[in-house]
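Take a look at the structure set out below.
Values below: all heavy atoms of this structure, side chains included; hydrogens, waters and symmetry mates excluded. Remember, it's 1-based here, ligands and their atoms both numbered in the order they're listed.
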Amino acid sequence: YKNNIIRTQSNLLLKEKNNELEIAKEKAERASNARSEFLSTVSHELRTPLNAINGIAHLLLEENPKKAQMDYLNSLKFSGDYLTKFINEILEINKIDSNKVEIEYINFNLKQLLEDIQNSLKELATVNNNTFNLEIDSSIPDYLIGDPTKLSQIIMNLINNALKFTKNGNVSVIVKLHSLEAKNATLYFEVIDTGIGIPADKLQSVFDSFSQGSIEINRKYGGTGLGLTIVKKLIKILGGRINLKSVVGKGSTFSFKLQFKLGSQLVNLDEKPKT
Ligand code: ADP
């Protein structure tokens with residue numbers, strides 16, 4: 001009888017604790033939703049007038065301004081671009097953190113995607129006098145099913161950093177076939193540079209929001225400190241994990257492994273059959 005009373009009492013206590021936990025969880029969720037909504041509203045509200053400022057700076061620059069005016073306008077454009085990038089990245093992180101980003105499965109040609117990225121970054125490579133090369137394992141199937149938009153965002157971000165922190169050097173993107181099964185292919189991606197490198201004590205923290213190598217690096221190279229945070233989160237969404245190896249003064253290697261379903265050659269319905 002005594003034991004029964006104790007059992008009932010402890011059950012009641014447990015129920016109460018569970019209820020309290022539920023309420024606390026709901027409260028935290030509501031607070032997090034409110035925070036995310038606030039961030040999203042503020043960012044969108046900032047973006048609209050900023051677009052106008054950027055647009056006008058751009059237009060005025062095309063009007064052949066005098067040298068002094070051109071310097072002011074370029075500085076305005078630089079700050080405007082930086083703020084736009086910053087706001088877009090905050091919006092993106094907010095979207096990811098509130099689980100609003102989903103994988104969009106599309107049949108795509110990996111080689112084509114990487115070559116498009118290579119072409120779009122050709123000019124940027126010349127800024128710091130870098131060479132840029134792309135190596136794709138020939139045994140990788142041409143067509144895969146995955147999220148090409150997120151994949152290019154990840155790779156573009158890593159290459160942009162690699163080109164930014166490397167001078168008179170080389171940046172390579174290497175894609176190897178890790179394993180091939182009946183329906184899946186697992187690929188190993190590497191973005192390698194011969195740039196300034198990252199100190200051992202910063203290898204983890206560079207992926208944290210607003211983290212930058214050092215005040216000097218920030219002053220010299222600019223940047224928001226959000227790019228790698230987004231890269232890490234996107235790779236996680238796609239089912240992978242980012243790795244970083246780096247030696248100061250020698251360069252850095254960012255790598256990750258992702259699995260794709262095997263795709264099929266896209267059929268062009270407009271194409272007339274050959275006779
Ligand atoms: P940022 O926009 O400031 O470049 P990131 O999140 O992309 O922000 O990178 C964070 C920091 O990590 C950078 O400020 C830099 O110190 C370091 N970093 C990133 N990529 C490289 C690289 N390829 N080589 C050297 N340092 C890098």
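- Of the N and O atoms on the side chains of N109 and D142, not one donor lies less than 3.5 Å from an acceptor on the other residue.
- With ligand atoms numbered from 1 in the order given, ligand 1 contributes 5 (P), 6 (O), 7 (O), 9 (O), 12 (O), 19 (C) to contacts under 4.0 Å with heavy atoms of L228.
- Looking at F189 and L151, their side chains come closer than 4.5 Å, going by heavy atoms from C-beta outward.
- Interface of G197 with ligand 1, defined as ligand atoms under 4.0 Å from a residue heavy atom, comprises 25 (C).
- Every atom of ligand 1 with a heavy atom of L226 under 4.0 Å away is listed here by number and element: 6 (O), 8 (O).
- With ligand atoms numbered from 1 in the order given, ligand 1 contributes 24 (N) to contacts under 4.0 Å with heavy atoms of S252.
- Using modelled atom types, one side-chain atom of T229 and one backbone atom of F207 make a donor-acceptor pair closer than 3.5 Å.
- Remark: ligand 1 atoms within the under-4.0 Å shell around heavy atoms of V206 are 10 (C), 12 (O), 17 (C).
- Ligand 1 has a nitrogen or oxygen under 3.5 angstrom from a nitrogen or oxygen of K164.
- Side-chain atoms of N119 and K122 form a donor-acceptor pair, as typed in the model, at a separation below 3.5 Å.
- A side-chain hydrogen bond (donor to acceptor under 3.5 Å, both in side chains) with N170 is found for exactly one of N133, N130, T194, namely N133.
- With a 4.0 Å heavy-atom cut-off, ligand 1 is reached by the side chain of D193 but not by its N, CA, C or O.
- When non-hydrogen atoms are compared, ligand 1 lies under 4.0 Å from neither the backbone nor the side chain of F207.
- The atoms of ligand 1 that sit less than 4.0 Å from any heavy atom of A162 are 23 (N).
- At a threshold of 4.5 Å between non-hydrogen side-chain atoms, the residues I198 and L203 count as touching.
- In this structure, of G225, S209, G227, the residue bringing a heavy atom nearest to atom 1 (P) of ligand 1 is G225.
- The backbone N or O of T166 lies less than 3.5 Å from no partner atom in the side chain of D193, so there is not a single donor-acceptor pair.
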